[in-house]
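Below, chain A is the first sequence line, B the second, and so on; all start at residue 1. All values reported here derive from a predicted model rather than from experimental measurement.
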2 protein chains.
Amino acid sequence: MKLNIEQSKLAEILETAYLAISPKPTDPILGNILLIANEDGIVSATGTNLNLTINTTTTANVETSGQVALPAKLLTDTINNVRGEITLEVENQTCIITHNSGKCRLIGGKPDEFPTLPKGENPIEINLSAKKLQAALEGTLYCTNGDETKLVLTGVNFKIDTNKWQAASTNGHKLALVTGILDSEYSDPIDFTVPGKSLSELNKILSQSADTSVCNILLSNKTIEFSLPNTKVISRLLEGEYPKINSLIPRTFEYEFTLERKGFESALKRVSYLAERKQKVVKILWELEATQATLYTEATDIGDAVDSVLMKPGTSNLENISIGLNIDYLIEGLKHISTDEIVVQCNKPTQPVIICPMGGLLNQLYLVMPVEIKQGFENKSTPSKTTTAEKTPEALETTETTVVAELEEVINNTQTSQTESNGETSEVETSTAEAKASNKSKPSSRTRAKKEAASV
Amino acid sequence: MKLNIEQSKLAEILETAYLAISPKPTDPILGNILLIANEDGIVSATGTNLNLTINTTTTANVETSGQVALPAKLLTDTINNVRGEITLEVENQTCIITHNSGKCRLIGGKPDEFPTLPKGENPIEINLSAKKLQAALEGTLYCTNGDETKLVLTGVNFKIDTNKWQAASTNGHKLALVTGILDSEYSDPIDFTVPGKSLSELNKILSQSADTSVCNILLSNKTIEFSLPNTKVISRLLEGEYPKINSLIPRTFEYEFTLERKGFESALKRVSYLAERKQKVVKILWELEATQATLYTEATDIGDAVDSVLMKPGTSNLENISIGLNIDYLIEGLKHISTDEIVVQCNKPTQPVIICPMGGLLNQLYLVMPVEIKQGFENKSTPSKTTTAEKTPEALETTETTVVAELEEVINNTQTSQTESNGETSEVETSTAEAKASNKSKPSSRTRAKKEAASV
């Protein structure tokens, strides 16, 4: 193998393939990037950690075709620090890299030992705008569970029903859902869960893609392949049924408020320092007549804070409502919304709160569970106002995390059923909670049994 | 106390005073910033960790004078997140901060418990351009020893002799020295060492100061005060005698090379990845006729690298010279030089290498110890060239770290004598190694005894 290539082109494919490399590979060959040069002047770079494989190509002046597996970090670091035209010359697993001020000799692994690209059987093809897929990942990845023992919850769940698709994630305390419309229709419902780690890397690649790019998705039994111009991202799927989260999202709301996202985020940040000693809880009083949301922290020995932001209520003939929320969860949700205005929807102080962008590329929703506010909740910064404004002390007193309990129950049951099915052959579940309810599609007896267990 | 102030002005003095606050204060009161408002419309903020005190002032609309000690982090974070005009109203250690969208109530400590500003007796006054002082700190702080048990070596040592001043630091492996000329002359030599931690904070403040600012320094027995417009930085001095490092710096050089700083740094970086397994050692062959410096890493099972940079030799009738150096130390030294070109000076492969900026605001010098290069040193990237270029295999073979030993010996002896004097009353040493040699000034018998011990 011998080729000449511009540094920037080689650096770009190496950086992309490197995204799939594990910092501590289980097998030494997985610490390498496989470079293949063919006579048509195409050079491809592949990195894999077995769960995730990234393959990307560029053009070069290939004198002799061939392949070489070179240490990923060493190669990427070295190429990132040279400039101009580079020559790669490979002989017996050794690659001499010549650049304008020197040479380096890298000794690689055996290219034959490098895993071949995973190939799924009878794939279902789905096409989605790269920018929409990226928006879906931005809107859901932050709610996946980082704990690897949580299995299916470490991923983002996708469902397709006719021409509607959705991406969802939850860690038991917060939940994100993104929905959209496909160009094609699918007769059978589709349901699969992709590891959050694979999607994080895909998200980086998508953020570099052109606005008009289309991502071609090939879904097989155990793997999924995302194809972009010059780059393929292939991931293992997560086995097991994803919790039926759609049923947890309220469909109707008594209250709806529109407010400015950045202003709300700033107010939350300002009171957050004084909420530190109270598990970052803020009591938000939505004042319908005053068209403002007032944020209170509970008084401690370091003090307390009160802040307010203007809002537009969707209703006005109701009583004001106070809801206790975790500031960090709220701020995290707001960070993943890109529109200037947001809509907050809720019913009772014991029920989930929904935050949506006002407009945006896709339908996006963030669900956060309320926190119980004890009756003794006290804020001394504005003592008179707080007392008069609190119209529903009884409701506040009894506020409980019933919804959290509900969500956690569903999730725990899912984990149990997953553990059971862990040793079995995986099977992509092809029915969504909604699809089941409306279409009465018939899942297999095993799947139904699991679902019944999950709904206990 | 009651005052109105623009957020940006209050945020600025809080950020500055906060630099002196310890993240884990030994006494709760030290977790506070002391705010004092007087009737002339001056507001001062003070933070201290007892070793370092920072006091800074600004103007405000003061309605009622007074003082308050408020939790430093909480106050700084809160003020950084509000905008516009702010009102502070203090009653009984409680401060109500009112801003345009809310209020917060902070409960502080007792202002009487806050330490008073340290005041040195009979200070010596020194004036130095703020920008030159900053350049001196940039040029020396990175060579201080971060290990707190190293006592005097954790600081930067300053010496003044008539109108010449110098700042120096060393950790036993590398050494930095900056020298300059003062406007005034001092009849007695001056010698003091300031903790690196204090100087790091001073450096941040200096970087914000105007180009024309003068730093007024008041040096007392145990403390030093750096005064800039509106800001005072007061630090404890380090006790004990600083090693006589000036005698370790060669005065004459057989070799001198001028080269481009960034190009040299890039070449070092490029070969550094392949030097990883060999303690980051690079062999630099200074080729006088070819006017280039060639960098070799030793061959390992992952490969090796060779790189070169152009250089201008100051001499040409000598033989080429190869010196082994640690890449990280070299890169660190180059990072703290700001000029485009540098001068490298050396004598034998066993003797220290000096790197200086070509030009610049001050005379600056970085000394780095060579590393032994074994005779078997091998680089396969350019086998023929390496063999022919190596003119002095005998010299290389016997290369030893004698200079490191010398520097370490001086430093170790200093530590011993320091440990002895630790319990004693501190005394600012007022003689430099050079001053002693030339002026034959007479230190006290105790001091002389210590110095003799140090030179064993």
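- When the shell of 6.0 Å around CG of B/D340 is examined, it contains 12 or fewer heavy atoms from other residues, nucleotides or ligands.
- For A/C104 against B/A305, the heavy-atom pair with the smallest separation is CB-CB, 3.5 Å.
- Atom CD1 of B/I79 and atom OH of A/Y273 lie 11.0 Å apart (nearest 0.5 Å).
- There is no contact between A/N80 and chain B, counting heavy-atom distances below 4.5 Å.
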Under the side chain to side chain contact (heavy atoms under 4.5 Å, CB included) rule, what do A/S101 and B/R270 come out as? Steps first, then yes or no, please.
CA-CA 10 Å; A/S101 72; B/R270 279 194 293 273; 2.8 Å; yes

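- For A/D27, the CG atom sits in a packed shell: over 12 heavy atoms of surrounding residues, nucleotides or ligands are nearer than 6.0 Å.
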Atom pairs and distances, side-chain donor-acceptor, residues 84-98 of chain B, under 3.5 Å, sequence neighbours left out:
residue	atom	partner	partner atom	Å
B/T87	OG1	B/N4	OD1	3.0
B/Q93	NE2	B/G108	O	3.2

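- The ring-ring contact (aromatic ring centres under 6.0 Å, His included) check on A/H336 picks up A/Y142, with sequence neighbours excluded.
- Listed options B/D304, B/V309, B/N81 were ranked by heavy-atom pairs under 4.5 angstrom with chain A; first place goes to B/D304.
- Heavy-atom pairs under 4.5 Å with chain B were tallied for A/L106, A/I302, A/L295, A/V82; the largest tally goes to A/I302.
- Within 6.0 Å of CD on B/Q67 lie more than 12 heavy atoms contributed by other residues, nucleotides or ligands.
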Quick one, A/I107 with B/D301, criterion side chain to side chain contact (heavy atoms under 4.5 Å, CB included). Give me CA distance, side-chain angles, the key distance, then yes/no.
CA-CA 7 Å; A/I107 301 166; B/D301 57 349; 5.5 Å; no

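- Counting heavy atoms of neighbouring residues, nucleotides and ligands inside a 6.0 Å radius, atom NZ of B/K9 exceeds 12 of them.
- Partner of A/K103 under the side-chain contact (heavy atoms from CB on, under 4.5 Å) criterion, chosen from B/V306, B/N379, B/D307: B/V306.
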